[in-house]
Engineer: 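Quick one: the structure is below, and I'll ask about it shortly.
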Amino acid sequence: MNAKASGVPAITFEMHPSERRLPEDVRANLLKSPGFGQVFTEHMITLRWSEKLGWHDGKLEPYGPLTLDPSAAVLHYAQEIFEGLKAYRQESGPIVAFRPYANAARFRRSAVRMAMPELPDEAFVQAIELLVTQDRDWVPANADQSLYLRPLMIATTPALGVSKPADSYLFTLIASPSSGIFSGGVRPVRVWLAEGFSRAAPGGTGEAKTGGNYAASFAGQRQALDHGCDQVVWLDAVSHRWVEEMGGMNLCFVYGSGKDARLMTPALTGTLLPGITRDSLLTLAPDLGIPASEGAISLDQWQAGCESGEITEVFACGTAAAITPVGEVRSSHGGWTIGDGQPGPVTMRLREQLLGIQFGRVPDPHGWIHKIL
Ligand code: PLP
Ligand code: COI
């Protein structure tokens with residue numbers, strides 16, 4: 001569905017595009033090897049909310065710094081939410097987004113949890129359509145690169161009281177031409193068990209996409225890096241036994257192999273992020289004849305399963321990570337290898353299918369592709 005065709009009155013965005021465009025050769029150079037989230041396009045969207053005016057003052061404007069009062073609530077109390085999704089330049093020409101309405105719905109759920117105003121889905125998708133259309137030249141044409149879209153909302157009320165949530169907010173959308181989050185193509189990552197820290201507790205904000213969850217994860221991530229690992233695996237905060245997710249992606253476990261392979265991903269307990277990639281794989285795997293379920297796996301079961309050969313592959317999934325094999329687990333008291341430590345066939349098949357749909361190489365039977373241009 002096109003945002004403009006939904007019947008909901010569109011929020012107006014004034015167009016103030018940049019008068020000076022970046023020369024084509026400079027842009028082409030930046031697009032050669034953009035990394036993840038380091039290069040940004042020439043424009044952004046802003047939209048404000050206040051109790052009195054609701055959503056107002058929508059603008060597309062040149063990318064640039066935001067001005068905030070130093071007393072703005074977000075700077076003190078971290079009332080903030082964000083999203084992550086991608087626009088792809090498909091091989092036959094169109095520029096599309098993958099399941100933007102699913103991100104819009106999760107953005108609303110995060111807003112409710114953080115006592116922030118809900119942005120209508122149509123406005124969320126409209127903002128994406130406007131920015132991608134304006135900055136279409138920034139959608140990479142290189143294989144396996146895409147335009148990462150980062151919508152966010154912050155509390156701007158200049159007041160230090162904590163007796164109620166802020167009463168004014170700023171929505172912003174920026175875009176970043178990106179390669180995968182892990183450098184080096186499809187390389188198996190090494191993960192670290194952060195047993196001394198917790199990311200999210202029951203009743204907390206683990207299932208909301210809010211900056212504080214990531215702030216709380218960085219001490220563990222630092223530990224991971226110090227031990228030669230790429231990412232932290234978070235365990236449940238109560239027993240430190242059950243595997244939940246990673247710092248910026250969900251986890252999937254493959255049991256068995258060949259025609260007996262099946263997929264399992266930890267169930268949504270309220271403390272992990274309901275990933276849209278994860279959700280897509282719960283549908284895509286059965287499409288490929290691989291049964292998929294939500295379940296639970298303890299650390300001990302993970303290790304024993306790899307040692308016995310019952311667990312054959314493990315991979316991370318998320319917008320930024322796409323599907324990334326996990327090759328090895330490390331902790332302060334040892335570790336283990338998954339399979340032979342190399343990308344497994346189920347991981348690679350699912351990766352090819354998902355990227356195939358996103359880049360238009362294979363049919364999109366579930367209507368996940370949202371055409372923008
Ligand atoms: N878990 C966390 C903590 C994340 O930050 C992400 C990334 O967005 C995911 C899981 C995967 O979610 P999605 O597939 O919607 O990108
Ligand atoms: C995403 O995959 O969109 C994420 O948000 C992961 C991350 C870089 C925080």
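Whatever order the structure lists them in is the order used to number ligands and atoms, beginning at 1.
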Engineer: How close does the nearest protein non-hydrogen atom get to atom 6 (C) of ligand 1, and which residue and atom is it?
Structural biologist: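 For atom 6 (C) of ligand 1, the nearest protein heavy atom is Gly248 O, 3.3 Å.
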
Engineer: Please confirm whether Phe36 comes within less than 3.5 Å of ligand 2 when only nitrogen or oxygen atoms on both sides are compared.
Structural biologist: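 No, Phe36 has no N/O under 3.5 Å of an N/O on ligand 2.
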
Engineer: To the nearest 0.5 Å, how far apart are OG in Ser331 and CD in Gln303?
Structural biologist: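 Ser331 OG to Gln303 CD: 8.0 Å, rounded to 0.5 Å.
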
Engineer: For residues Arg113 and Gly203, report the shortest heavy-atom separation together with the two atoms involved.
Structural biologist: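 Taking every non-hydrogen atom into account, NH2-O, 3.1 Å.
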
Engineer: Could you tell me whether Ile276 and ligand 1 have an N or O pair separated by under 3.5 Å?
Structural biologist: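 Yes, Ile276 has an N/O under 3.5 Å of an N/O on ligand 1.
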
Engineer: Could you walk me through whether Leu268 and Glu207 satisfy the side-chain contact (heavy atoms from CB on, under 4.5 Å) test, starting with their C-alpha distance in whole Å, then the side-chain angles of each, then the deciding distance to 0.1 Å, before giving a yes or no?
Structural biologist: CA-CA 8 Å; Leu268 300 176; Glu207 67 182 352; 5.7 Å; no

Engineer: Just which atoms of ligand 1 are under 4.0 Å from any heavy atom in Glu245?
Structural biologist: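 So the answer, numbered in order with elements, is 1 (N), 2 (C), 3 (C), 10 (C).
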
Engineer: One thing to verify: whether Arg106 and Asp279 come together as a salt bridge, which I'm taking to mean a side-chain N less than 4.0 angstrom from a carboxylate O.
Structural biologist: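 Not counted as a salt bridge, because no side-chain N and carboxylate O are separated by less than 4.0 Å.
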
Engineer: State the atoms of ligand 2, each with its element, that fall below the 4.0 Å cut-off from a heavy-atom position in Phe82.
Structural biologist: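 Heavy-atom distances to Phe82 below 4.0 Å select 5 (O).
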
Engineer: Pull out every atom of ligand 1 sitting under 4.0 Å from any heavy atom of Arg199, numbered as shown with elements.
Structural biologist: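 Answer, ordered by atom number: 3 (C).
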
Engineer: Is it the side chain (CB and beyond), the backbone, both or neither of Arg150 that lies under 4.0 Å from ligand 2, heavy atoms counted?
Structural biologist: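 The part of Arg150 near ligand 2 is the side chain, not the backbone.
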
Engineer: Are Glu245 and Arg199 close enough, and set up right, to give a side-chain contact (heavy atoms from CB on, under 4.5 Å), and what steps lead you there?
Structural biologist: CA-CA 10 Å; Glu245 62 174 331; Arg199 174 187 174 273; 2.9 Å; yes

Engineer: Do the side-chain N and O atoms of Tyr214 and Gln221 include a donor-acceptor pair separated by under 3.5 angstrom?
Structural biologist: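 The answer is no; no qualifying pair exists.
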
Engineer: Examine Arg278 against ligand 1 and note whether any of their N/O atoms are separated by less than 3.5 Å.
Structural biologist: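 Such a contact does not occur with ligand 1.
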
Engineer: I need the contact type for Lys209 against ligand 2. Using non-hydrogen atoms and a strict under-4.0 Å cut-off, is it side chain, backbone, both or neither?
Structural biologist: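 For Lys209, the contact with ligand 2 is made by the side chain alone.
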
Engineer: Within this structure, what is the CD1-OH distance for the pair Ile95 and Tyr88, rounded to the nearest 0.5 Å?
Structural biologist: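 Taking CD1 in Ile95 and OH in Tyr88, the distance rounds to 13.5 Å.
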
Engineer: Under a 4.0 angstrom heavy-atom cut-off, which atoms of ligand 1 come close to Tyr214?
Structural biologist: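 The list of qualifying atoms is 2 (C), 3 (C), 4 (C), 5 (O).
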
Engineer: Quick one: look up the protein heavy atom nearest atom 6 (C) of ligand 2 and list residue, atom name and how far away it is.
Structural biologist: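 So the nearest neighbour among protein heavy atoms is Gly248 O, 3.5 Å.
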
Engineer: Among protein heavy atoms, which lies nearest atom 12 (O) of ligand 1, and at what distance?
Structural biologist: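 Nearest protein contact, heavy atoms only, for atom 12 (O) of ligand 1 is Gly275 CA, 3.3 Å.
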
Engineer: Any idea which atoms of ligand 1 are less than 4.0 Å away from a heavy-atom of Gly318?
Structural biologist: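 By the 4.0 Å cutoff, the relevant atoms are 11 (C), 14 (O), 16 (O).
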
Engineer: Polar-atom distance check: Asn103 versus ligand 1, any N or O pair below 3.5 Å?
Structural biologist: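 Asn103 vs ligand 1: no N/O contact under 3.5 Å.
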
Engineer: For the CZ atom on Arg330, are there more than 12 heavy atoms of other groups (residues, nucleotides or ligands in this structure) within a distance under 6.0 Å?
Structural biologist: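 Correct, the count exceeds 12.
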
Engineer: Tell me whether the rings of Tyr63 and Phe40 are parallel (<30°), tilted (30 to 60°) or perpendicular (>60°).
Structural biologist: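 The rings of Tyr63 and Phe40 lie parallel, inter-plane angle below 30°.
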
Engineer: Starting from atom 16 (O) of ligand 1, locate the nearest protein heavy atom and write down its residue, its atom name and how far away it is, to 0.1 Å.
Structural biologist: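 For atom 16 (O) of ligand 1, the nearest protein heavy atom comes out as Thr319 OG1, 2.6 Å.
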
Engineer: Using side-chain heavy atoms (C-beta onward) and a distance below 4.5 Å, is Trp242 in contact with Thr271?
Structural biologist: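 Not in contact.
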
Engineer: Would you say the rings of Trp49 and Phe171 are close, in the sense that their centroids are separated by under 6.0 Å?
Structural biologist: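 No, too far apart.
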
Engineer: Under a 4.0 angstrom heavy-atom cut-off, which atoms of ligand 1 come close to Met246?
Structural biologist: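 So the answer, numbered in order with elements, is 3 (C).
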
Engineer: Starting from the C-alpha separation in whole Å, work towards a yes-or-no answer on side-chain contact (heavy atoms from CB on, under 4.5 Å) for Asn103 and Phe98.
Structural biologist: CA-CA 9 Å; Asn103 292 87; Phe98 184 69; over 6 Å; no

Engineer: Closest non-hydrogen protein atom to atom 9 (C) of ligand 2, residue and atom name please, with distance?
Structural biologist: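 Going atom by atom, the protein heavy atom closest to atom 9 (C) of ligand 2 ends up being Tyr214 CE2, 3.6 Å.
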
Engineer: For the pair Trp234 and Phe197, name the ring-plane relationship: parallel under 30°, tilted 30 to 60°, perpendicular over 60°.
Structural biologist: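 Trp234 and Phe197: perpendicular rings.
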
Engineer: Counting heavy atoms only, which of Met249, Lys209, Glu207 is nearest atom 7 (C) of ligand 1?
Structural biologist: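 Shortest heavy-atom distance from atom 7 (C) of ligand 1: Lys209.
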
Engineer: Starting from atom 14 (O) of ligand 1, locate the nearest protein heavy atom and write down its residue, its atom name and how far away it is, to 0.1 Å.
Structural biologist: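 It is Thr277 OG1, 2.6 Å.
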
Engineer: Would Pro274 count as a contact of ligand 1 if the rule is a heavy atom under 4.0 Å away?
Structural biologist: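 Distance cut 4.0 Å: Pro274 fails for ligand 1.
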
Engineer: May I ask whether Arg106 has any heavy atom positioned less than 4.0 angstrom from an atom of ligand 1?
Structural biologist: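 Yes, Arg106 has a heavy atom closer than 4.0 Å to ligand 1.
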
Engineer: Report yes if Tyr148 has an N/O atom closer than 3.5 Å to an N/O atom of ligand 2; otherwise report no.
Structural biologist: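 The answer is yes, given that Tyr148 and ligand 2 share an N or O pair closer than 3.5 Å.
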
Engineer: Taking Arg21 first and then Glu42, would you say they form a salt bridge - that is, a charged N and a carboxylate O separated by under 4.0 Å?
Structural biologist: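 A salt bridge links Arg21 with Glu42.
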
Engineer: Checking a contact table here: which protein heavy atom is nearest atom 2 (O) of ligand 2, and how many Å away?
Structural biologist: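 That would be Ala320 N, 2.8 Å.
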
